[in-house]
There are 2 protein chains.
Amino acid sequence: MKHKSFAKETCAIARSLNVVGEWWNLLIVREAFSGITKFADFQKRLGIARNILTVRLRQLVDDGILQTGKNGGERFEYTLTDKGRDLIYTLVAMSQWGSKWLFTSGKPSPRLVDKQDLLELSSLQLRSRNGRILGNNDVEFLKTHGKH
Amino acid sequence: MKHKSFAKETCAIARSLNVVGEWWNLLIVREAFSGITKFADFQKRLGIARNILTVRLRQLVDDGILQTGKNGGERFEYTLTDKGRDLIYTLVAMSQWGSKWLFTSGKPSPRLVDKQDLLELSSLQLRSRNGRILGNNDVEFLKTHGKH
DNA sequence: CGGTATCCCTGAAGATACTG
DNA sequence: CAGTATCTTCAGGGATACCG
């Protein structure tokens, strides 16, 4: 993009956006969670241009979200690292938000499920340190530094 | 961007990205959670160009994430709608992911806190329908439609 | 199959001057 | 203060031909 990099931001959200904010990245990660590992499969399922896919995959590997070859599985196979797999929380949050607010007519069919029973997950909940469940209005961002 | 809109996607993640994927949007929402309501304050805290801020704010209002004037508070005040406030889950997920993985030297100071005691939230947990806590590898995306 | 290399286009973002 | 208008730049993305 055009903006200054957020890589040095003190805000974790800004830094995350810097890594994961590119349009295709989260969708590629989503496909990786679906078990997709090969270039051609990512390309076909996403309809992304091949050269872009090359760049995106390389960046995701550089950022430690996907691994390939010696580090991970087979050559020519992209698999999620632990860091990448931890993006599941972000994907779940976005998926649930989208399901709730962006489907005017009916709900989308669940795609994110518990592996064991293939049933949809329950909604994410915010919890305080002591386990109390918090609503979306019980949380606050501290204005710490005056900038970001 | 250049890509086809994801607005009609059956995947909730893709649709969410379509609304919230723009770089600045989540940061603007973050500021809104911090209590920022005024144009000049968004502009100063984010360092975003004024014309871009105009466009982004308008889009966020159109998308029902922020409200202003008659719908919401005062004129010239941007406040979160319920839909917007529900983005807290996504922000928390990204914030926690970034805190965990993107700060090589030390943790960032917590900014996302429980309003009551100003203590950091606990980590998000995935839960199955019956409340069992799931790890980041216990979840699966169904490959339903072959495309998206 | 798994990419790279070109070429082009577009829209997001920046800077800045201006208006009500 | 809350924008709008204009001009420019640039990186992300698409299409496609090519390579090992």
Side-chain angles (χ1 to χ4, degrees), chain A residues 1-7 9 14 17-29 31-32 35-63 65-79 147-148, chain B residues 1-7 9 14 17-32 35-63 66-79 147-148:
Chain A
M1 301 269 153
K2 194 46 183 332
H3 33 94
K4 35 228 168 190
S5 161
F6 292 147
E9 289 294 336
L17 281 172
N18 205 48
V19 175
V20 116
E22 289 304 333
W23 278 80
W24 286 114
N25 287 0
L26 281 178
L27 295 180
I28 291 172
V29 171
E31 293 304 324
I36 301 300
T37 62
K38 292 191 293 184
F39 188 92
D41 291 336
F42 283 112
Q43 201 269 315
K44 258 181 292 193
R45 290 175 58 89
L46 292 171
I48 184 177
R50 301 168 64 78
N51 54 345
I52 301 303
L53 180 56
T54 301
V55 174
R56 289 276 145 272
L57 286 175
R58 186 162 45 220
Q59 189 205 317
L60 287 168
V61 170
D62 286 351
D63 287 336
I65 290 170
L66 295 176
Q67 59 190 351
T68 179
K70 40 207 156 292
N71 310 314
E74 305 272 318
R75 219 156 100 64
F76 302 139
E77 284 203 346
Y78 295 88
T79 57
K147 192 144 197 264
H148 298 295
Chain B
M1 302 272 156
K2 193 51 185 329
H3 32 95
K4 33 230 168 186
S5 160
F6 292 147
E9 288 295 334
L17 282 171
N18 205 49
V19 175
V20 116
E22 288 304 331
W23 280 78
W24 286 115
N25 287 0
L26 281 178
L27 295 180
I28 291 172
V29 171
R30 181 196 68 184
E31 294 303 324
I36 301 300
T37 62
K38 293 192 292 185
F39 188 92
D41 291 336
F42 283 112
Q43 202 267 315
K44 259 180 291 193
R45 290 175 58 89
L46 291 170
I48 185 177
R50 302 168 66 78
N51 53 347
I52 301 302
L53 181 56
T54 301
V55 174
R56 289 277 147 270
L57 287 175
R58 184 162 47 219
Q59 190 205 318
L60 287 168
V61 169
D62 286 350
D63 287 336
L66 294 177
Q67 58 191 350
T68 180
K70 40 208 157 290
N71 310 314
E74 304 274 317
R75 223 155 97 63
F76 301 138
E77 284 203 346
Y78 294 88
T79 58
K147 194 146 195 266
H148 300 293

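Letters A, B, ... mirror the listed sequences (proteins, then strands); counts begin at 1. Computed from a predicted model, the values in this text were never measured in an experiment.
Note on the helix from C/dC1-D/dG20 to C/dG20-D/dC1: angle between the axes of the first and last five pairs equals 40°, rounded to 10 degrees.
Closest approach of B/Ile36 to B/Phe42, counting heavy atoms only: O-CZ, 3.5 Å.
Between the B/Gln43 side chain and the B/Ile48 main chain, a donor and an acceptor come within less than 3.5 Å of each other. A donor-acceptor pair under 3.5 Å is absent between the side-chain atoms of B/Thr37 and the main chain of B/Tyr78, judged by distance alone.
Distance from the side chain of B/Ile48 is smallest to C/dG14 among D/dG3, C/dG14, C/dT4. Distance from the side chain of A/Glu22 is smallest to D/dG13 among D/dG13, C/dT4, C/dG14. In the set C/dT4, C/dG14, D/dG13, D/dG13 carries the atom at the smallest distance from any side-chain atom of A/Trp24. For A/Phe76, the side-chain atoms get nearest to C/dG3 when compared with the rest of C/dG14, C/dG3, D/dG14. Each of C/dG14, D/dA2, D/dA17 was ranked by its minimum atom distance to the side chain of B/Ala49; first place goes to C/dG14.
When the options B/Lys44, B/Lys38, B/Arg45 are evaluated for a salt bridge (Lys or Arg N to Asp or Glu O under 4.0 Å) with B/Glu31, the one that passes is B/Arg45.
A/Asp41 has its CG atom 8 Å from the P atom of C/dG2, to the nearest Å. Residue B/Ile36 contributes atom CD1, which lies 13 Å from atom P of D/dC1 at whole-angstrom precision. The CG-P distance, from B/Leu66 to D/dG3, rounds to 12 Å in whole Å. In this structure, B/Ile28 places its CD1 atom 12 Å from P of D/dG3, rounding to the nearest Å. Distance CG (B/Asn25) to P (C/dA13): 8 Å, rounded to an integer number of Å. We find that CZ of B/Phe39 is positioned 17 Å from P of C/dG20, with the value rounded to whole Å. Spacing between atom CG of A/Asn18 and atom C1' of C/dA13 amounts to 15 Å, rounded to whole angstrom units. As a whole-Å value, the separation of B/Trp23 CH2 from D/dA11 C1' is 11 Å.
Counting only heavy atoms from C-beta outward, the side chains of B/Trp23 and A/Asn18 approach each other to under 4.5 Å. Side-chain contact between A/Val19 and A/Asn25 is absent, with no heavy atoms from C-beta onward closer than 4.5 Å. In this structure the side chain of A/Thr68 never reaches within 4.5 angstrom of the side chain of A/Leu57, judged on heavy atoms. B/Thr54 is listed as a side-chain neighbour of B/Phe39, based on a closest heavy-atom distance under 4.5 Å. Between B/Arg30 and B/Leu46 there is a side-chain heavy-atom pair separated by less than 4.5 Å. Counting heavy atoms from C-beta outward, A/Ile28 and A/Leu66 have side chains that approach closer than 4.5 Å.
No hydrogens or angles were tested; on distance alone, a donor-acceptor pair under 3.5 Å links the side chain of A/Arg50 to the base of C/dG2. The base of D/dG13 is not paired with the side chain of A/Asn51 by any donor and acceptor separated by under 3.5 Å.
Within a heavy-atom distance below 4.0 Å of DNA chain C, the residues of residues 52-60 of chain A found are A/Thr54, A/Arg58.
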